[in-house]
Number of protein chains: 2
Amino acid sequence: MLTLSPVDAALKALAEPRRREILRLVWNDELPAAQIAARFHDVTRSAVSQHLAVLREAALVTERRDGTRRLYRADHAQMDRLRQFLDEYWTGSLQRLQDLAESAEREKGKH
Amino acid sequence: MLTLSPVDAALKALAEPRRREILRLVWNDELPAAQIAARFHDVTRSAVSQHLAVLREAALVTERRDGTRRLYRADHAQMDRLRQFLDEYWTGSLQRLQDLAESAEREKGKH
DNA sequence: ACATTCAGTGAGTTGACACTAACGTAAGGG
DNA sequence: CCCTTACGTTAGTGTCAACTCACTGAATGT
């Protein structure tokens with residue numbers, strides 16, 4: 001369960017609507033955690049912090065320390081990688097081998 | 001929980017690796033549930049059946065009855081719709097308003 | 001009619017995850 | 001030095017999803 005496949009991690013992260021909103025906030029602007037959390041009245045900073053951790057582990061955002069603050073920004077390169085995977089998924093066949101390899105690896109971890 | 005947004009449902013369905021494998025199996029070929037389940041030695045037919053239900057609720061596959069069998073096939077149109085949403089997500093701005101509307105609607109349902 | 005095959009469904013268990021609340025920590029300011 | 005700011009982290013809780021097992025139901029074969 002340590003280190004999910006990058007594609008899994010990214011898709012799972014994006015499946016959560018709140019994380020999509022967070023990601024959109026830092027899509028073009030670099031923002032500190034406090035400003036991000038301030039946009040949500042219905043969840044605590046802690047929850048936002050945990051969402052940011054998930055996004056960071058999926059490499060969808062990058063973190064930069066500036067004194068006591070931490071500035072987050074979307075990683076467009078990682079998003080491009082996911083987009084590329086999905087494009088090859090729709091269009092079909094080339095991706096087949098790689099995904100089978102991924103699932104085989106997942107099997108090894110299970111048994 | 002009442003009718004998730006289509007995008008949510010699709011992303012959530014795709015976040016599960018096993019469902020991606022199933023979806024790939026019926027990507028070009030129409031297959032009965034038994035043949036789909038037969039490809040997985042580590043889960044029961046019941047589990048596969050439930051995965052198929054999730055995919056069907058996300059409209060990612062279509063179901064066709066043929067006597068006692070049920071034949072499944074990927075719905076490319078729905079996948080195209082998701083792809084379009086994601087494309088507009090990366091490229092940014094047009095989608096902003098619609099997604100905010102979605103999250104607002106989600107808020108209404110919660111409180 | 002009876003058994004068989006293919007499939008969905010319900011109960012119940014396990015595990016993952018989103019969340020809150022409380023605590024811990026590192027950097028400056030007074 | 002406190003104290004505040006701006007974070008992360010941990011414990012604990014409620015909820016939901018994936019799974020197995022057992023059952024039911026519909027179509028078909030004999």
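Both backbone and side-chain heavy atoms feed into the values below; hydrogens, waters and symmetry mates do not.
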Check: A:A13 main-chain N/O paired with A:R19 side-chain donor or acceptor under 3.5 Å:
yes

Nearest whole angstrom, please: distance from the P of C:dC19 to the CZ of A:F40.
10 Å

Does A:N28 offer a backbone N or O that forms a donor-acceptor pair with the side chain of A:H76 under 3.5 Å?
no

Is any side-chain nitrogen or oxygen of B:H51 closer than 4.0 Å to OP1 or OP2 of D:dC19?
yes

Roughly how far, to the nearest 0.5 Å, is CG of B:D75 from CG of B:L55?
11.5 Å

If you check the B:K12 side chain, which of C:dA7, D:dA17, C:dC17 turns out closest?
D:dA17

What's the closest nucleotide to the side chain of A:R19 if the choices are C:dC19, D:dT20, C:dA18?
C:dA18

Looking at CG of B:L25 and OH of B:Y72, how far apart are the two atoms once the value is rounded to the nearest 0.5 Å?
13.5 Å

Distance, rounded to the nearest Å, where A:R45 contributes CZ and D:dG8 contributes P:
9 Å

Can you list every pair that meets side-chain hydrogen bond (donor to acceptor under 3.5 Å, both in side chains) and has a residue in residues 53-62 of chain A, with sequence neighbours left out?
A:R56-A:E63

I want to verify a distance call: between C:dT9, D:dT20, C:dC17, whose nearest atom is closest to the B:T44 side chain?
D:dT20

Could you pull out all residues at least two apart from A:R70 that satisfy side-chain hydrogen bond (donor to acceptor under 3.5 Å, both in side chains)?
none

Roughly how many Å is it from CD in A:E16 to P in D:dC16, rounded to a whole number?
13 Å

A:V43 side chain, from C-beta outward: closest of C:dA7, D:dT20, C:dT20
C:dT20

Minimum-distance nucleotide to A:A47 side chain [options: C:dG8, C:dC19, D:dT20]:
C:dC19

Exercise: do A:Q78 and A:R81 side chains pair donor with acceptor under 3.5 Å:
yes

Atom pair distance, as rounded to whole Å: CD in A:Q50 and C1' in C:dT20:
9 Å

Find the distance A:L31:CG to D:dC7:C1' and express it as a whole number of Å.
16 Å

Write down the distance between CZ (B:R18) and C1' (D:dT20), rounded to a whole number of angstrom.
13 Å

Could you tell me whether the phosphate oxygens of C:dA7, OP1 or OP2, come under 4.0 Å of any side-chain nitrogen or oxygen in B:S49?
no

Among D:dC7, C:dA7, D:dA22, find the nucleotide with the atom closest to the side chain of B:S46.
D:dA22

Taking atom P of D:dA17 as reference, at what distance in whole Å does atom CG of A:L11 sit?
17 Å

CG of A:D8 versus P of C:dA16: gap in Å, rounded?
15 Å

Can you identify which nucleotide, out of D:dC7, C:dG8, D:dC19, has its nearest atom closest to the A:Y72 side chain?
D:dC7

Would you jot down, in residue-number order, the residues of residues 52-69 of chain A having a non-hydrogen atom under 4.0 Å from DNA chain D?
A:T68, A:R69

